[in-house]
Amino acid sequence: GERQVLFRGERRESVDVHRELGWQPLVLRPKEALALMNGTAVMTGLACLAFARADYLLRLATRITALNVVALQGNPEHFDERLFAAKPHPGQTRVAAWLRQDLAIDAPTAPLHRLQDRYSLRCAPHVLGVLADSLGWLRAFIETELNSANDNPIIDGDAERVLHGGHFYGGHIAFAMDSLKTLVANVADLLDRQLALLVDVRYNHGLPSNLSGAEAERAMLNHGFKAVQIGTSAWTAEALKNTLPASVFSRSTECHNQDKVSMGTIAARDALRSLELTEQVAAATLLAANQGVWLRERAGKTDIPAPLAAMREQLAADFPPVIEDRALEAELRLCLARIRSRHWGLYA
């Protein structure tokens with residue numbers, strides 16, 4: 001019941017709002033006030049949110065890559081199981097297996113257009129695999145912190161001891177979130193490179209410039225996904241800039257009592273910002289990949305493997321092909337909302 005709140009658009013004294021609502025103000029017991037405002041609890045809660053988003057982003061980026069292999073007429077043999085037996089990082093191997101599943105790599109394939117695709121396709125399991133292999137230790141750091149005492153002092157009631165220590169220090173969460181920023185930014189960079197290939201007639205192997213679906217006589221009047229690619233490049237640049245680790249910027253406070261702190265809450269907030277940006281990149285690249293596959297279908301030049309055909313059927317209801325230019329902001333925002341709600345079930 002202390003201090004002020006905004007209630008129904010009006011700044012009010014908390015105790016008056018409590019009285020009006022018939023609420024009994026909470027009376028805190030010893031040590032509870034510090035536990036409520038301790039930065040380690042905040043950074044750990046944010047880390048939980050970031051972890052769940054990163055786990056889904058990994059799966060979505062894999063599905064987008066599979067769509068782009070089809071759109072760019074890529075070589076699915078880059079994901080052959082025998083290749084990954086020679087470099088068996090578990091997460092990397094799992095991403096390659098997802099790609100084989102999406103691309104039906106064990107089924108008969110059309111003649112290959114080239115031996116080696118550019119790195120953003122060929123090395124996708126290696127890029128995404130770093131995130132996949134890191135999620136395990138990130139989860140271990142976060143879960144251990146969740147199930148720990150991070151207060152000071154610690155009371156040993158049995159031995160009647162008061163133990164003064166530093167369990168409030170959030171170094172493990174700070175390191176995990178600083179690391180996650182880099183992992184996620186690399187996903188943004190991967191998808192941004194794939195989108196850059198899709199829109200460029202020098203590298204997209206026969207797709208129209210900027211993925212425009214306009215008929216030939218109106219092609220010069222339509223820009224397709226040009227502006228989307230420009231925006232995606234900017235979001236990626238910000239995510240990459242954001243990888244500077246927060247944990248190295250400790251400042252001394254409280255007359256040098258708090259002279260080395262973790263900066264973990266800033267690291268966790270940064271990680272969430274990087275995820276927000278990378279989800280925007282994923283939304284843009286997903287819609288562009290879907291457009292690229294549609295253009296191949298329209299030209300009668302591709303067969304869509306069943307897992308990707310099912311995904312495209314789900315997308316079709318909300319995201320029709322771009323033929324004549326139209327404002328895409330609402331569709332990008334809807335796609336972003338779908339990503340954040342984990343709308344599409346992706347892999348077992």
Side-chain angles (χ1 to χ4, degrees), residues 1-56 135 137-181 242 246-247 249-276 279 336-337 339-342:
E2 297 179 358
R3 301 175 69 175
Q4 295 180 325
V5 294
L6 281 175
F7 181 66
R8 295 174 180 168
E10 182 183 357
R11 185 181 295 276
R12 303 272 303 277
E13 295 296 327
S14 298
V15 67
D16 294 336
V17 176
H18 277 82
R19 190 179 301 114
E20 184 176 319
L21 295 173
W23 290 0
Q24 181 67 35
L26 178 66
V27 177
L28 298 175
R29 300 179 67 184
K31 291 168 62 68
E32 286 184 341
L34 183 59
L36 283 171
M37 61 186 295
N38 195 341
T40 318
V42 175
M43 69 180 73
T44 305
L46 296 177
C48 291
L49 298 174
F51 178 90
R53 288 169 72 171
D55 182 62
Y56 187 75
L135 286 173
W137 67 260
L138 288 170
R139 179 171 184 147
F141 274 23
I142 295 167
E143 285 189 344
T144 299
E145 191 69 49
L146 270 173
N147 290 287
S148 297
N150 55 30
D151 197 4
N152 180 63
I154 300 297
I155 308 299
D156 181 353
D158 294 332
E160 298 185 354
R161 294 279 306 278
V162 179
L163 304 169
H164 295 272
H167 284 354
F168 46 79
Y169 189 83
H172 283 77
I173 297 296
F175 182 74
M177 293 297 97
D178 276 343
S179 302
L180 186 61
K181 290 190 301 185
N242 203 37
S247 55
F249 286 94
S250 173
R251 315 303 303 141
S252 183
T253 62
E254 200 191 4
C255 299
H256 300 296
N257 175 44
Q258 299 181 16
D259 61 347
K260 173 60 177 159
V261 293
S262 73
M263 312 301 285
T265 301
I266 294 176
R269 285 169 42 218
D270 281 352
L272 288 170
R273 175 58 179 161
S274 294
L275 280 157
E276 178 181 36
E279 288 164 349
L336 189 61
I339 291 170
R340 290 178 178 162
S341 68
R342 294 161 213 158

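If you're wondering where the values come from, they're calculated on a predicted model, not measured in any experiment. One-based numbering along the sequence shown.
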Taking the side chain as everything from C-beta on, heavy atoms only, tell me whether I173 gets closer than 4.5 Å to T40. no
Check: R273 main-chain N/O paired with K181 side-chain donor or acceptor under 3.5 Å: no
Inspect the surroundings of CD in E254 and state if more than 12 heavy atoms from other residues, nucleotides or ligands are less than 6.0 Å away. yes
Working to the nearest 0.5 Å, report the span between CD1 of I155 and CG of L163. 7.5 Å
Return yes if some donor-acceptor pair links the side-chain N/O of D178 with the main-chain N/O of A246 below 3.5 Å, else return no. yes
Counting neighbours of CZ on R139 that are heavy atoms of other residues, nucleotides or ligands and sit closer than 6.0 Å, is the number greater than 12? no
Working to the nearest 0.5 angstrom, can you tell me the gap between T44 OG1 and N147 CG? 10.5 Å
Are T265 and R269 side-chain neighbours, meaning at least one heavy-atom pair lies under 4.5 Å? yes
Would you mind reporting whether D151 and K31 have side-chain heavy atoms less than 4.5 Å apart? yes
Under the side chain to side chain contact (heavy atoms under 4.5 Å, CB included) rule, what do F249 and I266 come out as? Steps first, then yes or no, please. CA-CA 10 Å; F249 286 94; I266 294 176; over 6 Å; no
Got R342 and R53 here, is their nearest side-chain heavy-atom distance under 4.5 Å? yes
To the closest 0.5 Å, what do you measure between CG (L135) and CZ (F51)? 5.0 Å
Is the backbone of G165 close enough, under 3.5 Å, to the side chain of N152 for a donor and an acceptor to pair up by distance? yes
Would you compute the distance between atom CH2 of W137 and atom CD1 of I142 and round it to the nearest 0.5 angstrom? 9.0 Å
Close side-chain approach of M177 to S247, heavy-atom, < 4.5 Å: no
Under 3.5 Å, is there a donor-acceptor pair between the side chain of S262 and the main chain of Y169? no
Would you confirm whether S14, through its side chain, and R3, through its main-chain N or O, come within 3.5 Å as a donor-acceptor pair? yes
Classify the angle between the aromatic ring planes of W23 and H18 as parallel (below 30°), tilted (30 to 60°) or perpendicular (above 60°). perpendicular
Separation between NE2 (H164) and CD1 (I154), nearest 0.5 Å, reads 10.5 Å
Residues P25 and G1: closest non-hydrogen pair is CB-N, 3.9 Å
In terms of side-chain geometry, is the basic nitrogen of D16 or R19 positioned less than 4.0 Å from the acidic oxygen of its partner? yes
State whether the side chain of N150 and the backbone N or O of E145 hold a donor-acceptor pair below 3.5 Å, judged by distance alone. no
Under a 4.5 Å cut-off applied to non-hydrogen side-chain atoms, are V261 and S250 in contact? yes
Could you grab the distance from atom CZ of R340 to atom CG of L275, nearest 0.5 Å is fine? 9.0 Å
